[in-house]
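We number each residue from 1, following the sequence as shown.
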Amino acid sequence: MTFLKINNLSVDYQMRKETVNAAKNVNIEVNKGEILGLVGESGSGKSTVGNAIINLIDEPGKVSSGSVILGDLNIHENSESIFKYRGNKIGLIFQDPQTSLNPILTVGEQLIETIQTHLKLTKEEAKNKSINLLKEVGIKDAETRFDNYPHQFSGGMRQRVVISLALCCEPELLIADEPTTALDVSIQSQILELIKKLTKERNLAVILITHDMGVIAETADRVAVMKSGNLVEIGETKKILTKPQENYTKSLVSSVPPTNKKISRFVIVEKEYKNTKENNIKILNRWSKKEIINQSLVEIKNLNKSFDDNFFTENSKNSVMAVNDVSFEIKEGESFGLVGESGSGKSTIAKMIVNLFKPTSGDIFFDNVCITKIKQRSELMKFRKQIQMIFQDPYSSLNGRLKVKDIIAEPITLHNPSISNIDLNNYIYDLLESVELTQKSADRYPHEFSGGQRQRISIARALATQPRLLVCDEPTSALDVSIQAQILNLLKDLQEQLNLTILFISHDLPVVRQMCDRIAVLKDGKLCEVSNTEDLFLKPGHQYTRELLRLMPKIESIYN
């Protein structure tokens with residue numbers, strides 16, 4: 001039964017110099033008991049459509065034409081009724097559960113408040129309903145956890161709480177906007193299975209907004225593809241993913257990294273700039289290209305790191321072992337992957353390698369020198385120059401008050417204070433061209449760029465000191481699949497041209513398979529196994545690795 005009808009919906013944002021058409025004549029229907037996947041790149045209009053359904057278009061945006069009909073209610077003709085429908089007829093699940101929950105209220109208080117706002121129940125009745133909901137979404141010991149605060153839950157458990165909040169008033173429509181992007185593969189699998197189960201049990205109409213085509217393949221009944229505010233095509237998931245009619249959909253599907261084989265290059269939907277491989281020669285003149293040597297550049301020996309709850313006592317009863325007796329090596333010129341769930345210790349290891357954290361015990365050797373034993377700052381700076389890091393969120397890792405040229409110049413002048421202004425500017429332009437950005441980019445600020453362009457700036461800054469080791473901590477998890485393909489191809493090119501060694505940290509296993517020569521698997525701070533990439537994917541040795549691979553969303557599953 002059709003529950004939601006979107007008819008010729010258009011949403012415009014009136015800016016000072018132009019009108020931005022965020023959605024243009026969109027037509028979508030969603031039935032009870034089905035999951036509709038809404039996919040597209042950033043700026044495609046998918047979240048705009050989701051916000052229009054619940055009449056949450058912020059100024060200066062407005063619905064310029066069309067209608068959204070929920071059951072018998074025309075939402076934009078009766079804007080007062082939508083306040084009763086939000087949380088009641090319509091449930092919402094957002095990307096980041098931490099920002100969806102009030103940190104100063106217990107989970108139980110938030111559930112009771114929401115239930116009593118929409119349903120005529122006593123406080124005791126609302127409490128009983130809340131506890132049953134927490135049990136329904138898979139939270140163990142719900143009676144006790146009812147009185148916990150959001151920070152006392154893991155990321156996956158917080159998302160379960162958000163789902164219970166979305167369901168607490170018996171909605172008929174559930175809108176899930178990137179509900180698993182911030183979650184690891186095992187937690188993601190649990191949340192998606194929960195959404196599918198609740199859809200059938202409660203006969204919900206569900207809109208799943210995501211850029212993860214693997215999630216769509218395993219979860220959605222139908223899929224709608226959007227680009228630049230337009231609905232490109234809509235149909236059954238299997239048909240759209242196996243026999244897409246539109247070129248954009250074909251490109252979008254082909255840019256998804258396969259899970260069942262290794263490829264040399266990622267397919268790109270649309271490049272932001274023309275390939276400027278010839279411009280990279282300017283950078284190569286500054287680096288002497290070395291032959292790949294089959295020897296270790298980095299050696300991790302019996303590494304341990306503990307964190308203490310009270311912050312003042314070393315090795316107390318409350319200390320948590322984030323890294324527990326980990327040993328491995330990274331060969332010069334290779335891409336080495338670190339994978340595992342949140343809390344497995346992979347980012348902690350990365351931060352110890354770049355000297356942001358000090359190990360509790362154990363040693364880190366870089367080019368046969370134990371960098372954990374270095375005391376003099378001048379000696380340490382030599383190694384910091386050779387080890388650079390690229391972070392997950394390029395926007396928060398760039399200083400928004402500085403122009404791009406100043407952001408890139410900072411590490412250059414720190415390690416080479418005598419460089420002339422002419423040489424500095426030329427070097428900055430060379431670096432920008434090496435990451436396929438124009439020289440004009442130097443005079444702009446980070447907020448003037450897209451997410452993919454900002455990550456290119458981060459890479460240029462990391463390359464500024466001519467490093468030998470590049471530590472990439474989830475460098476593409478915040479990016480759309482097409483932009484991800486561009487950045488990953490860029491990293492492959494730069495590694496080949498500059499003979500970089502890369503430590504690649506990610507929970508996206510298909511990406512790790514395409515990027516890495518060898519992979520280390522971590523769980524609860526301990527090393528499960530280290531293996532060549534193809535050996536690990538074809539013949540995993542550890543039970544935990546086999547479980548991770550089983551839970552990995554597979555776009556190929558749609559072909560079965």
Side-chain angles (χ1 to χ4, degrees), residues 87 91-117 123-169 176-195 198 305-324 340-348 351 357 360 392-393 396 474 477 507 522-526 551:
L92 305 171
I93 305 172
F94 294 105
Q95 178 174 346
D96 185 1
Q98 183 80 315
T99 58
S100 301
L101 298 169
N102 189 330
I104 64 171
L105 294 179
T106 66
V107 162
E109 288 171 332
Q110 295 180 62
L111 280 164
I112 288 174
E113 181 184 27
T114 305
I115 290 170
Q116 289 193 305
T117 299
K123 188 170 184 179
E124 189 62 28
E125 289 171 333
K127 179 178 179 179
N128 291 334
K129 184 177 179 65
S130 300
I131 291 172
N132 289 332
L133 274 165
L134 292 175
K135 290 178 180 177
E136 186 178 2
V137 298
I139 294 179
K140 296 177 181 178
D141 196 15
E143 290 84 358
T144 302
R145 302 309 301 270
F146 177 85
D147 293 316
N148 288 164
Y149 290 89
H151 74 270
Q152 295 174 282
F153 291 81
S154 68
M157 287 294 111
R158 279 196 292 266
Q159 195 64 297
R160 289 173 185 268
V161 172
V162 170
I163 292 173
S164 68
L165 275 166
L167 296 174
C168 67
C169 297
D177 193 352
E178 301 279 9
T180 61
T181 300
L183 304 177
D184 299 313
V185 61
S186 56
I187 308 301
Q188 172 180 266
S189 176
Q190 295 170 24
I191 296 300
L192 293 175
E193 284 300 319
L194 178 60
I195 290 173
L198 294 169
K305 179 62 180 177
S306 61
F307 293 97
D308 199 284
D309 279 350
N310 63 30
F311 226 79
F312 296 103
T313 308
E314 281 288 331
N315 300 318
S316 76
K317 295 178 182 178
N318 296 323
S319 64
V320 175
M321 287 297 292
V323 178
N324 192 343
E341 300 175 73
S342 289
S344 62
K346 53 189 188 296
S347 291
T348 303
K351 289 174 181 175
F357 287 165
T360 303
Q392 178 175 348
D393 182 4
S396 61
E474 301 277 9
S477 64
H507 64 257
L522 293 164
K523 178 175 171 58
D524 299 329
K526 296 181 180 179
L551 295 173

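- When all heavy atoms of Leu101 and Pro150 are compared, the closest pair comes out as CB-CG, 3.8 Å.
- Atom CG of Leu551 and atom OG of Ser189 lie 4.5 Å apart (nearest 0.5 Å).
- A donor-acceptor pair is defined here as one N or O able to donate and one able to accept, closer than 3.5 Å; such a pair exists between the side chain of Lys346 and the backbone of Glu341.
- To the nearest 0.5 Å, atom CD of residue Glu109 and atom OG1 of residue Thr114 are 11.5 Å apart.
- For the residue pair Ile163 and Ile191, the shortest heavy atom distance occurs at CD1-CG2, 3.9 Å.
- Between the CG atom of Asp141 and the CG atom of Leu134 there is a distance of 10.5 Å, given to the nearest 0.5 Å.
- The distance from the CG atom of Asn128 to the NZ atom of Lys123 is 12.5 Å, given to the nearest 0.5 Å.
- In plain terms, the two heavy atoms of Leu194 and Glu136 that are nearest each other are CD1-O, 3.8 Å.
- A salt bridge is defined here as a Lys NZ or Arg NE, NH1 or NH2 lying under 4.0 Å from an Asp or Glu carboxylate O, and Lys135 with Glu143 meets this definition.
- Inspection of the Arg160 and Gln190 side chains reveals an N or O donor paired with an N or O acceptor under 3.5 Å.
- Under the side-chain contact (heavy atoms from CB on, under 4.5 Å) test applied with Cys168, the options Asn132, Ile112, Ile115 reduce to a single match, Ile115.
- Take Gln116 and apply the side chain to side chain donor-acceptor pair (under 3.5 Å) test, not counting sequence neighbours, and it matches no residue.
- In summary, the side chains of Glu474 and His507 do present a donor paired with an acceptor at a separation below 3.5 Å, with no hydrogens or angles considered.
- Between His151 and Pro103 there is no side-chain heavy-atom pair separated by less than 4.5 Å.
- The two residues Gln110 and Leu165 have their closest heavy-atom pair at O-CD2, 3.7 Å.
- Distance check, rounded to the nearest 0.5 Å: CD of Glu178 to CD1 of Ile93 gives 12.5 Å.
- The side-chain heavy atoms of Asn324 and Asp524, taken from C-beta on, include no pair separated by under 4.5 Å.
- The closest side-chain heavy-atom distance from Arg145 to Phe153 is below 4.5 Å.
- Using modelled atom types, no side-chain atom of Arg158 and backbone atom of Gln152 make a donor-acceptor pair closer than 3.5 Å.
- Taking 4.5 Å as the limit, some side-chain heavy atom of Leu111 sits within range of a side-chain heavy atom of Ser164.
- The shortest side-chain heavy-atom distance between Phe146 and Val107 does not fall under the 4.5 Å cut-off.
- By the 4.5 Å heavy-atom criterion applied to side chains, Leu105 and Glu113 are counted as neighbours.
- With contacts defined as side-chain heavy-atom distances shorter than 4.5 Å, the pair Ile139/Val161 qualifies.
- The minimum heavy-atom distance between Ser306 and Thr360, with the atom names listed, is N-OG1, 2.9 Å.
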